[in-house]
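Input: a single structure, listed below in structure tokens.
Below, chain A is the first sequence line, B the second, and so on; all start at residue 1.
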Amino acid sequence: MKLSTTREALSAQLQAVTRVASTHTAVLALSGVQLHAAAGTVELRATDLEVGLRVPLEATPERDGDVVLPARLLLDVVRSLPSDAVTLELRAAEQDVEITSGGAVFHIRTLRAEDFPPLPEAPGDSTVSVPARAFVDTVQTVARAASRDETRPVLTGILVSASGRELQMVATDSYRLSVKRTELEEALEGSFEANVPARALQELARLAQGGEDRLTVGVGANQIVFQVGGAVLSSRLIDGQFPNYRQLVPESFDHELKLAGDEFTEVVRRISLLAQKNAPLRLAFVEGEVTVSAQTPDVGEARETVPVPYSGEPLEIGFNPDFLRDGLESLGGGDVVLKLINPLRPGLIEGADGSGFLYLIMPIRLNV
Amino acid sequence: MEGRRVIAHLDLDAFYASVELLRDPSLRGQPVIVSGSGPRAVVTTCTYEARAFGVHSAMPASQARRLCPQAVVIRPDFPAYREASRGVWEIVRAHVETVEQAGLDEGYLDLSDLVAPKAAMRRLVGEIRARTGLSASVGIGPNKLVAKIASDCEKPAGLVALSREMACERFAGASPRLLPGIGPKTAERLEGMGIRTIADLRARPEAQLREAFGERHGHDLARRARFEHDGEVAPVRETKSQSSETTFDVDVADRAEQVRVLDRLAADLCERLARRELRGRTVGIKVRLDDWTTVTRARTLDHATNELDSVRAIARELLHAYDPPRPVRLLGVRVAAFEGGAPAQDGAPQLRLSV
């Protein structure tokens with residue numbers, strides 16, 4: 001294998017695949033990036049066996065072949081190269097790759113190419129093309145509610161369903177539930193539903209920043225393949241039944257308050273600064289106003305009262321400040337409707353404009 | 001009282017050793033001992049071939065090797081045992097609604113609603129064997145006590161059903177130590193009173209036992225001797241306490257060294273408690289001296305804790321107060337009396353959606 005390329009092109013693409021390469025693995029090759037030169041094109045590939053990514057590299061291949069190099073080290077080296085022109089060449093006898101740029105020469109030992117698994121091909125016929133912007137926005141709205149706790153794998157995914165003119169994603173870590181329904185401008189040709197690791201979708205969102213118009217989705221029995229621009233991202237699907245989120249949302253609420261989203265979010269952000277070490281953020285509602293307060297022992301306390309259209313018996317409810325803020329920020333401004341029942345039942349945040357966004361959040365029981 | 005109670009105790013035969021045999025069939029027919037390798041390691045379990053040489057679980061590994069030098073000794077692999085155990089209890093739960101798992105390899109089943117409990121257990125044991133390759137023994141009785149003892153009667157692969165009266169008769173001549181809850185200390189004191197068998201114990205007026213052992217323990221001994229017990233089959237075992245203990249390779253007389261180990265155990269324990277979001281109000285220590293005298297000391301606080309600073313401070317105080325008079329063989333730290341209810345975050349429990 002031999003190729004020449006530019007430092008900028010190589011480091012940009014390496015950065016993308018390095019995020020996918022495994023960071024802790026018994027199989028060393030999985031911490032590597034594979035450079036694949038064939039038929040006049042060059043591709044960079046990485047996988048941790050759950051998520052796999054292939055991105056094209058703008059380069060001039062002079063000799064075909066495959067090599068696997070340590071991803072992290074290669075990225076650091078490429079970023080530091082003195083000149084924009086870079087050549088990489090496999091030296092088979094030495095089992096290393098020579099990287100030259102300006103006057104700098106690096107020899108980096110290759111990893112065992114046989115240990116590097118083949119990545120899924122780009123999706124074939126049974127694919128659905130979806131608008132990239134809408135897809136990515138929807139991912140970013142719900143992704144924060146996905147669980148990072150590997151003991152319940154089913155909750156580490158985002159349930160994605162697409163059909164007709166509707167794209168819907170759901171995520172929950174059991175403390176909150178985030179649902180976003182996005183209406184598409186045109187109906188999709190085809191439909192799918194899959195529980196996709198949130199990690200893979202967040203990676204896809206980064207890849208789609210390039211401004212591609214559409215992305216292609218192919219769903220198999222246990223894996224999903226996305227194609228955006230020249231990049232192909234594949235991921236294992238998560239086994240098991242995603243919770244039936246509809247039955248988690250109470251049918252009716254006792255209080256329904258319309259708030260100015262940005263203003264309320266600012267109050268929550270401010271007061272949360274004093275809700276440290278798992279201390280709850282307290283919302284105390286009385287006729288016509290709410291007092292948001294927080295207190296951390298040995299650190300301090302904060303409070304702020306704002307007018308709200310509340311009426312009825314006083315109600316005080318506690319929330320994890322991060323969870324509440326995530327919900328408000330996901331809504332992204334505009335008026336917010338906050339719905340409550342009592343201090344031990346879930347609260348609901350919705351957009352007032354029929355934004356198709358719903359965020360259910362469980363309270364923290366207050367010791368009062 | 002509602003209808004008759006029928007309870008089964010299911011006990012997997014030589015469980016850890018059987019898992020090892022499944023993994024390595026060439027060990028079949030040989031004496032196999034599962035134990036750690038330190039100088040103070042004890043036998044975790046052994047195959048029936050090893051038992052024939054007098055080896056039994058909890059025996060020092062060194063003694064076991066003397067009794068049966070040809071035995072194959074295997075280090076325990078708990079992840080593998082947990083995995084195998086999960087498979088078995090899944091099968092059990094598919095057939096029986098109320099199951100109280102009491103360990104990886106044993107548990108109680110409430111069969112009160114079954115028409116033919118013994119036949120159902122025979123089928124269950126058959127299915128466990130067919131699907132996991134593991135053999136189990138089952139005891140059936142009117143309560144957990146009789147069930148537990150019955151399961152041990154004809155191991156391995158035993159299936160014994162006893163009424164309370166049959167149990168009284170069958171074990172009349174057995175040592176009181178057969179009864180769970182009667183350990184070497186109690187047995188010794190009973191012997192001092194001239195009680196050598198379960199029948200002796202049953203014949204003794206309860207008042208005498210109460211006088212010797214206190215109201216509750218005395219009453220309990222009398223009931224056990226009659227094989228009476230009314231514990232429910234409780235599907236979930238509540239965590240009552242958590243502890244961390246270690247046996248030294250060489251007895252330790254140096255107080256500074258004892259404190260160092262105590263600190264390490266406390267740190268270990270607090271980390272475990274924090275992970276499970278448990279806080280307890282009672283902090284205790286356990287000290288075993290080189291002559292096997294075992295002493296526990298505990299203090300109850302007015303608030304629950306899992307903070308290392310307070311657990312460590314109390315454990316140290318308890319150790320200094322007891323002032324071990326002889327070299328120490330084992331040290332332990334324990335936290336009990338957990339806060340009730342949902343897991344807590346600094347006393348403010350985060351509620352969850354039922355997903």
Side-chain angles (χ1 to χ4, degrees), chain A residues 145-147 149 151-152 154-155 157 159 170-178 240-250 275-282 294-299 317-324 341-348 359-368, chain B residues 23 77-87 89-91 93-94 101 104 236-239 242 267 270-281 301-313 335 337-355:
Chain A
S147 172
D149 178 0
T151 58
R152 288 279 313 272
V154 74
L155 300 185
L159 183 69
V170 185
T172 178
D173 60 5
S174 83
Y175 302 117
R176 62 265 177 74
L177 164 80
S178 191
Q241 186 66 40
F242 196 86
N244 177 0
Y245 65 90
R246 282 184 195 88
Q247 68 188 19
L248 300 173
V249 182
Q276 302 171 8
K277 303 179 187 165
N278 294 328
L281 191 73
R282 290 165 180 261
Q295 181 188 7
T296 308
D298 303 326
V299 176
I317 188 167
F319 290 115
N320 176 311
D322 296 334
F323 296 168
L324 184 60
I341 300 171
N342 66 42
L344 300 178
R345 299 291 315 278
L348 184 75
Y359 189 84
L360 195 68
I361 171 172
M362 284 304 277
I364 289 176
R365 188 185 290 145
L366 298 172
N367 300 332
V368 278
Chain B
R23 292 208 288 195
D77 174 2
F78 289 100
Y81 306 151
R82 271 194 290 276
E83 188 58 39
S85 165
R86 195 166 28 234
W89 293 102
E90 262 170 30
I91 297 171
R93 289 199 174 87
Q101 203 184 324
L104 287 180
V236 185
R237 269 218 169 185
E238 225 179 302
T239 310
Q242 287 267 313
C270 288
E271 199 199 317
R272 220 157 1 111
L273 291 171
R275 247 195 332 260
R276 299 187 53 183
E277 297 187 322
L278 290 170
R279 285 174 186 73
R281 286 174 53 224
L301 314 169
D302 53 17
H303 66 281
T305 186
N306 62 12
E307 304 260 332
L308 177 56
D309 285 347
S310 47
V311 172
R312 188 168 49 195
V335 169
F338 295 126
E339 288 173 324
Q345 297 183 355
D346 280 5
Q350 166 74 59
L351 304 176
R352 279 176 184 258
L353 295 162
S354 50
V355 291

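- Nearest heavy-atom pair across Met362(A) and Leu351(B) is CB-O, 3.1 Å.
- With a 4.5 angstrom heavy-atom cutoff, Leu155(A) touches chain B only via side-chain atoms.
- Residue Ser174(A) touches chain B through both its backbone and its side chain, counting heavy-atom pairs closer than 4.5 Å.
- Atom-to-atom distance recorded for Arg352(B):CZ and Leu248(A):CG is 13.0 Å, nearest 0.5 angstrom.
- Heavy atoms closer than 4.5 Å to chain B are found in the backbone of Arg176(A), but not in its side chain.
- With a 4.5 Å cut-off on non-hydrogen atoms, Phe323(A) touches chain B through its side chain but not through its backbone.
- Between chain B and the options Pro346(A), Pro363(A), Gly318(A), heavy-atom pairs under 4.5 Å are most frequent for Pro363(A).
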